[in-house]
Amino acid sequence: MTAERIDGRLRAKELDSRVTEGVSAFSEKVGRVPGLAAVLVGTDAASQIYVRNKVKRTKSVGMLSFEHVLPETTTESDLLSLVDDLNADPRVDGILVQLPLPGQIRAERVTSAVSPEKDVDGFHIVNVGAVASGVGGLVPCTPLGCLILAAPFFGGDFAGVESVVVGRSNIVGRPMANLLLARRATVTVVHSATRDVASHVRGADLVVVAAGSAGLVRGDWVGEGAVVIDVGINRLADGKVVGDVNFEEVSGVARALTPVPGGVGPMTIGCLLLNTLTAALRREGLGDPDIGLGI
Ligand code: NDP
C-alpha cells in the first residue's frame, strides 16, 4: 500500500477561501469586518516568522489585522494592560499573544487575562473546560486542523473510530483526544510513561502524533490502512525539518499520511482565522460559521 499524501497546504487554501466567503457574508450582514489582534513580545526569530505569517493570512482572508510588537523588556503589567485594551476594543474579535513570552512574564497570567470570547487560541481555562466537556468553546487551532484533515477519511463521522493520540500536552494531545471523544471515537492517549506505545498505535484506525520526537513512529508500529496525522516539527542537525513519523516507512502501510512540512502546519493558521470568524459571529449573536467542514 502507498499512502495518500494529505496535502495540508491545499486543504488550508480551501479553508481560507471558505473563511473569506464567511468574512464577506459577515460584513454584509453586520457592516464591519472581523478583526484579529496579534501581540508579539521580544525578538525571538521563530515567533517573528509565525506572527508575520499570521498577519499576512489575516489580511488575505479580508479581516482587519492589529499588530502589536513590544520590546523584550516589557513588564507583565504593561502586557496585561494591552490585553485589557484589546478585550474592550469593539473592532477586535480575536486576540493572540504569541508564545513563548520572556521570563519576566507569566504566560498563564496573560492567557487567563484574554477574554474567553476573544481567545482564538483556545488556551483560556474556560475554553479548555468547554472543549473537555464537549460543549463548544473556542477550540485550540492545531487539534482542530488535525480533525479537519482526518474527517474525509471517515466520512466525517468519527463514531467508533479506534484513535490513538501520541502526546498529552495542553495545546495538542489533550484537546485532540477531547475533540475525538466528543465525536464518539474510541480514544487512547499514550505518552512517555506508556509501557508499549507501538502496541497501542498498531490497533488504531486513526493515529495523531504530537510527541516532538523525530521519526518516532516507525512503519511496523502502524496498522495496515490507518490514517496518520503527524503534528511534530523537529529540526535536525543538518537544518532539515521532519515530523514525528518516519514518512517513508509509514507510507508503505498507512492509507493516508500528512507530510512535514506541508501537513498540519498550514492548517493551524487556517483554524486561527476560522476561530476569529467564529468569535466574531458569536459576539454578534449570529451562531457558528456554516462553511461545510464535515466535522
Ligand atoms: P510537548 O513537549 O508539550 O508534549 C509532548 C508529548 O509527547 C508529551 O505528552 C510527552 O509525554 C509525549 N512524548 C514525548 N516523547 C514520547 C515518546 N517517545 N513516546 C510517547 N510519548 C512521548 O509538545 P507539544 O504537544 O507542544 O508539541 C508536540 C510536537 O508538535 C512538537 O514537535 C511541536 O513542535 C509540534 N507542534 C506543531 C504545531 C503545528 O502547528 N504543526 C503546533 C504545536 C506543536 P509526557 O507528557 O509523558 O512527557
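Model, not experiment: these values are computed from the prediction. First listed ligand is number 1; within each ligand, the first listed atom is number 1.
Ligand 1 has a nitrogen or oxygen under 3.5 angstrom from a nitrogen or oxygen of R168. Distances between N or O atoms of S213 and those of ligand 1 include no value under 3.5 Å.
Taking every heavy atom of G167 and a limit of under 4.0 angstrom, the matching atoms of ligand 1 come to 6 (C), 7 (O), 9 (O), 12 (C). Close contacts between ligand 1 and G265 involve ligand atoms 41 (N) [criterion: under 4.0 Å to a heavy atom]. Taking every heavy atom of L216 and a limit of under 4.0 angstrom, the matching atoms of ligand 1 come to 17 (C), 18 (N), 19 (N). Below 4.0 Å from some heavy atom of T142 lie the following atoms of ligand 1, by number and element: 40 (O), 42 (C).
When G173, G145, P140, S169 are ranked by how near their heavy atoms come to atom 4 (O) of ligand 1, first place goes to S169. Considering only non-hydrogen atoms, atom 31 (C) of ligand 1 lies nearest to G212 out of P143, C271, G212, G243.
Closest of all the heavy-atom pairs between P266 and G8 is CB-O, 3.9 Å. Smallest separation of non-hydrogen atoms from L101 and V41: CD2-CG2, 3.9 Å. D16 approaches R57 most closely through the heavy-atom pair OD2-NE, 2.7 Å.
Formation of a donor-acceptor pair under 3.5 Å by the D93 side chain with backbone atoms of G35 is found in this model. Put simply, the side chain of E72 gets close to the backbone of T43: a donor and an acceptor are under 3.5 Å apart.
A salt bridge does not link R282 with E117: every distance from a Lys NZ or Arg NE/NH1/NH2 to an Asp or Glu carboxylate oxygen is 4.0 Å or more. Salt bridge D238/K240: absent, no basic N to carboxylate O contact under 4.0 Å.
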* Asked: For V242 and N234, what are the C-alpha separation, side-chain angles and deciding distance, and is it a side-chain contact (heavy atoms from CB on, under 4.5 Å)?
  -> CA-CA 5 Å; V242 298; N234 308 286; 4.2 Å; yes
* To do: Could you please spell out the steps behind the side-chain contact (heavy atoms from CB on, under 4.5 Å) verdict for D244 and V166?
  => CA-CA 10 Å; D244 289 350; V166 183; over 6 Å; no
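Of all protein heavy atoms, the one closest to atom 44 (C) of ligand 1 is V172 CG2, 4.0 Å. Of the protein's non-hydrogen atoms, V231 O, 3.2 Å is the one closest to atom 37 (C) of ligand 1. Summary of contacts: the protein heavy atom closest to atom 13 (N) of ligand 1 is A211 CB, 3.9 Å. In terms of protein heavy-atom proximity, atom 32 (O) of ligand 1 is nearest to I233 N, 3.0 Å. At the shortest separation from atom 11 (O) of ligand 1 among protein heavy atoms lies S192 N, 3.2 Å. The protein heavy-atom contact nearest to atom 21 (N) of ligand 1 is H191 C, 3.2 Å.
When heavy-atom distances to ligand 1 are checked against a 4.0 Å cut-off, T194 has no atom that comes that close, whether in backbone or side chain. At a 4.0 Å heavy-atom cut-off, ligand 1 does not touch N170 at all. The side chain of T268, and not its backbone, has at least one atom closer than 4.0 Å to an atom of ligand 1 (non-hydrogen atoms only; side chain from C-beta on).
Note that atom 2 (O) of ligand 1 has no protein non-hydrogen atoms nearby, at separations under 4.0 angstrom.
Between L281 and the choices D288, T276, L286, the side-chain contact (heavy atoms from CB on, under 4.5 Å) rule is met once, by L286.
Relative to the six-membered ring of F154, R255 meets both conditions, a distance below 6.0 Å and an angle of at most 45° to the axis.
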